[in-house]
Amino acid sequence: MEHEVFVPVDVETLRAALADPERVAPCVPGFQQDADASAGPLSGRLKVRAGGHSITYRGALHLASRDDETYVVEGEGAEVRGTGSAKLTLTVRLSKVEGGTTLRFTGTTSAEGRLKELPEDAAVSAAHRLLDRFAEALAATAAAGAVRDADDLDGVDDVDGTDELGDVDDDGVDQGAESAGSVFDAPVPPPSLDPLADAEFEVPDLPDEALADPGVEAAHARRTMIGRSAEEVDHAPPRGRYAPTPGPQAASTTDTLRWLAPAAALALASAVVVGRALRRRK
């Protein structure tokens with residue numbers, strides 16, 4: 001398999017991006033990085049679309065550079081849903097051209113399972129589409145990284161430069177700051193025109209008994225402001241329409257005796273009066 005892709009990015013910028021596997025991983029279309037960081041930035045799942053089918057492989061990719069300024073990509077994965085597998089060996093060569101760089105991909109693939117059952121032209125078309133998207137994403141990532149590095153360098157130059165700073169003496173104080181004067185040199189405002197401003201008032205000494213307890217006054221003020229204290233509100237029964245209806249109270253023995261004694265005395269007095277009246281008639 002052979003394929004070429006042109007990108008409007010210079011060779012050195014692309015090499016800097018390919019040297020960092022963590023920057024390469026997001027550029028692989030359909031790749032989902034493994035949650036386990038120890039497995040490597042190019043370990044995880046790869047979803048491939050070919051011939052109207054979607055096949056997901058779980059495995060890892062390995063990227064290495066050679067002395068001849070080429071890069072070798074080796075990958076191996078197994079189907080997540082199925083018994084098939086796939087292997088990939090790819091060589092990437094960067095060539096400088098006018099206005100950018102050409103990426104030349106050459107390599108071989110071997111597959112078992114669902115990918116092998118697809119027509120050859122469908123598998124090749126899917127591989128070319130994947131390489132095109134990878135090259136475009138890699139170029140965008142490399143260009144963004146170059147711009148970010150340039151901004152960082154500009155920021156360092158601004159911090160190290162002293163063109164915008166004022167003249168500084170040996171004591172480390174800016175001349176402009178010294179000429180501004182001190183706050184202690186400001187003129188004192190004139191005194192108030194009020195005739196009683198300078199008058200002295202005597203506060204009479206009061207005995208301790210005349211001073212009220214601040215705690216009592218504070219409690220009284222609190223009850224006056226809110227009506228009742230927090231403790232009274234918490235423990236007071238509800239009032240008004242929300243007050244509970246009192247239940248019937250049973251008559252106690254004390255209440256019965258309280259009314260029985262006067263009634264017995266009245267009956268005894270009536271009996272004495274009636275007896276005397278009857279005796280007088282006889």
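Numbers here are sequence positions counted from 1. In this text, all values refer to a predicted model and were calculated from it rather than measured experimentally.
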task: For the pair R58 and D34, find out whether any cationic side-chain nitrogen is under 4.0 Å from an anionic carboxylate oxygen.
output: yes

Measuring from [X]:[atom1] to [Y]:[atom2], what's the distance to the nearest 0.5 Å?
X	Y	atom1	atom2	answer
L46	Q33	CG	CD	13.0 Å
L103	L14	CG	CG	6.0 Å
S125	L118	OG	CG	11.5 Å
S110	L115	OG	CG	9.5 Å
L94	T70	CG	OG1	9.0 Å
R81	S54	CZ	OG	9.5 Å

Is the side chain of [X] donor-acceptor paired with the backbone N or O of [Y] at a distance under 3.5 Å, no angle test?
X	Y	result
T101	V11	yes
T141	A137	yes
R49	I55	no
E79	R114	yes

For this session: Please assess V7 against L138 for the test side-chain contact (heavy atoms from CB on, under 4.5 Å), listing each intermediate value before the final yes or no.
Result: CA-CA 9 Å; V7 293; L138 180 64; over 6 Å; no

Contacts of E69 meeting salt bridge (charged side-chain N to carboxylate O under 4.0 Å, His left out) (sequence neighbours excluded), chain-then-number -> R15

Hits for salt bridge (charged side-chain N to carboxylate O under 4.0 Å, His left out) against R104, two or more places apart or cross-chain, chain-then-number order -> E4

Less than 4.5 Å apart, side chain to side chain, heavy atoms only: is that true for [X] and [Y]?
X	Y	result
V24	L18	yes
H3	T106	no
L88	E74	no

Between A60 and S43 the two heavy atoms that sit nearest each other are CB-OG, 3.5 Å

Between P41 and A25 the two heavy atoms that sit nearest each other are O-CB, 3.4 Å

Indicate if M1 and V48 have the same hydrophobic cluster label, given that clusters are the connected sets of ILVMFWY residues with side-chain heavy-atom separations under 4.5 angstrom. yes

Within one Ile-Leu-Val-Met-Phe-Trp-Tyr cluster: V124 and V92, side-chain cutoff 4.5 Å:
no

Report task. Decide yes or no on side-chain contact (heavy atoms from CB on, under 4.5 Å) for Y71 and T91, but give the supporting numbers first. Result -> CA-CA 6 Å; Y71 297 88; T91 301; over 6 Å; no

With side-chain contact (heavy atoms from CB on, under 4.5 Å) as the criterion, how do H62 and L42 come out once you've worked through the C-alpha distance, each side chain's angles and the decisive distance to 0.1 Å?
CA-CA 7 Å; H62 302 280; L42 293 177; over 6 Å; no

(Q) Let's go through L131 and L90 carefully: what are the C-alpha distance in whole Å and the side-chain angles of both, what is the deciding distance for side-chain contact (heavy atoms from CB on, under 4.5 Å) to 0.1 Å, and is it a yes or a no? (A) CA-CA 11 Å; L131 294 176; L90 196 65; 3.9 Å; yes

Just say parallel, tilted or perpendicular for the rings of F105 and F134, cut-offs at 30° and 60°.
perpendicular

